Amino acid sequence: MKNIVIVGGSKGIGSAILLQQLENNYIYNISRNAPEITHPNLKHFPLDILQDSLPEIENVDTLIYCPGSINLKPIGNLSIDDFRNDFEINVIGAVKTIQKYLPALKKGTNPSIVLFSTVAAKLGMPFHASIATAKAGVEGLVKSLGAELAATIRINAIAPTITETSLSANILRNDRMKDMMIERHPMKGYLKPSEVADMADFLISDKAKSISGQVFEMDYGIVTFKI
């Protein structure tokens, strides 16, 4: 049984990961809202990752940082605060969490960290300037820390295409928009949270013990293929 810290496990991809890991591991969830489920293996800490002090957790084998943002605007409509806020939630929050739990992770069993990027960090997409910039920072963090911590802790990132969560509800707001999104992807689909949770499950497992410093695109072909 692993001790897993999940930041942002009450909604979306984070919730799918939490539910998948809960039966066989002890989960510490850190988020403003509580998960909809209670369980003997779950302890929830209600706090704002950017404003509040993180709780003391003695034993940590895995850290998964899920918070993200979808702030889609033309560059002329993006304020400096938009860029700052996206960078804070995606990069600074991850750095704050890693720094807090690094000593505990170093003592963990096959310790690992999973962060989240986006396909927009590699595929130029209109109106994604702020979020793509922030997620590019996440990818740089993964590469740098992967090298720095190579002897002790693995760190990888998942870069999903659009995933059916509350965060993307406005983009996937009706059947027409969903059909259009399916057609945009060469493999004719988009992600469900459970698919991303499966990738996270692999990356924190012993099966991935040789893998660190990598960014895994879950893209239904949108980055790789032109068809």
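Please read these numbers as outputs of a predicted model, since none were measured by experiment.
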ask   = Would you find a donor on one side and an acceptor on the other, under 3.5 Å apart, between the side chain of H185 and the backbone of M181?
value = yes
query = Strictly by modelled atom types, are S31 and N33 linked by a side-chain donor-acceptor pair under 3.5 Å?
reply = no
request  = Kindly write out the residues that satisfy salt bridge (Lys or Arg N to Asp or Glu O under 4.0 Å) with K178, not counting sequence neighbours, or none if the list is empty.
outcome  = E164
key: Under 3.5 Å side-chain donor-acceptor pair for Q20 and D198   = yes
inquiry  = Quick check for you: to the nearest 0.5 Å, what is the distance between I37 atom CD1 and L18 atom CG?
reply    = 7.5 Å
ask   = What's the shortest heavy-atom distance between I57 and A104, and which atoms?
value = O-CB, 3.9 Å
task = To the nearest 0.5 Å, tell me how far K143 NZ sits from N156 CG.
result = 9.0 Å
task = Answer with yes or no whether the side chains of E195 and Y220 bring together a donor and an acceptor at under 3.5 Å.
result = yes
message = Donor-acceptor pair, distance only, cut-off 3.5 Å: does the side chain of S212 make one with the backbone of I155?
response = yes
inquiry  = Quick one: does any side-chain atom of S15 pair with a main-chain N or O of G12 as donor and acceptor, under 3.5 Å?
reply    = no
ask   = Would a hydrophobic clustering, with Ile, Leu, Val, Met, Phe, Trp and Tyr connected at side-chain separations under 4.5 Å, put M218 with I222?
value = no
Sole residue of I17, I204, D61 in side-chain contact (heavy atoms from CB on, under 4.5 Å) with I4 = I204
query = Which heavy-atom pair separates F116 from V138 by the least distance, and what is that distance?
reply = O-CG1, 3.6 Å
inquiry  = Whether the side chain of T62 engages the backbone of V60 through a donor-acceptor N/O pair (distance < 3.5 Å, no angle test) should be reported.
reply    = no
key: Sidechain-backbone polar pair: D201 side chain, A197 backbone, donor-acceptor under 3.5 Å   = no
inquiry  = Tell me whether D206 is salt-bridged to K209, with the criterion being a basic N under 4.0 Å from an acidic carboxylate O.
reply    = no
ask   = What pair of heavy atoms forms the shortest contact from L115 to A94, and how long is it?
value = CD2-CB, 4.2 Å
remark   = So OG of S10 and CG of N29: to nearest 0.5 Å the spacing works out to 6.0 Å
remark   = Tightest non-hydrogen contact, residues E139 and A159, listed as OE2-CB, 4.5 Å
Nearest-0.5 Å distance that lies between atom OH in Y65 and atom CD1 in I113 = 13.0 Å
ask   = Going only through I, L, V, M, F, W and Y residues with side-chain contacts under 4.5 Å, is there a path from I27 to V5?
value = no
query = Any sub-3.5 Å donor-acceptor pair from T118's side-chain atoms to A121's backbone N or O?
reply = no
inquiry  = For N90 versus G68, what's the shortest heavy-atom pair and its separation?
reply    = OD1-CA, 3.4 Å
inquiry  = Starting from I13, can I reach F202 by hopping between I/L/V/M/F/W/Y residues whose side chains sit under 4.5 Å apart?
reply    = yes
inquiry  = Under 3.5 Å, is there a donor on one side chain and an acceptor on the other for D86 and S130?
reply    = yes
message = So, taking the atom named CG in L149 and the one named CG in L105, what distance separates them when rounded to the nearest 0.5 Å?
response = 9.0 Å
task = Could you tell me the separation between the CG atom of L22 and the NE2 atom of H39, rounded to the nearest 0.5 Å?
result = 4.5 Å
Least distance between heavy atoms, L47 atom then L54 atom = CD1-CD2, 4.2 Å
task = Check for a donor-acceptor pair, side chain of R184 on one end and backbone N or O of D179 on the other, with a separation under 3.5 Å.
result = no
key: Sequence neighbours excluded - salt bridge (charged side-chain N to carboxylate O under 4.0 Å, His left out) pairs with any residue from residues 2-27   = none
K43 atom NZ: more than 12 heavy-atom contacts under 6.0 Å = no
key: Pair S117-I158, side-chain contact (heavy atoms from CB on, under 4.5 Å): steps then yes or no   = CA-CA 6 Å; S117 182; I158 300 171; over 6 Å; no
task = Answer yes or no: is there a donor N or O on one side and an acceptor on the other, between the side chain of D52 and the main chain of D48, under 3.5 Å?
result = yes
inquiry  = Salt bridge check, K107 against E58: does any charged N sit closer than 4.0 Å to a carboxylate O?
reply    = no
request  = Answer yes or no: is there a donor N or O on one side and an acceptor on the other, between the side chain of N25 and the main chain of Q21, under 3.5 Å?
outcome  = yes
query = Would a distance-only check, ignoring hydrogens and angles, find a side-chain to backbone donor-acceptor pair under 3.5 Å from S205 to K207?
reply = yes
task = Begin with the C-alpha distance, continue with both residues' side-chain angles, and end with the deciding distance and a verdict on side-chain contact (heavy atoms from CB on, under 4.5 Å) for N77 and D82.
result = CA-CA 9 Å; N77 293 347; D82 285 326; over 6 Å; no
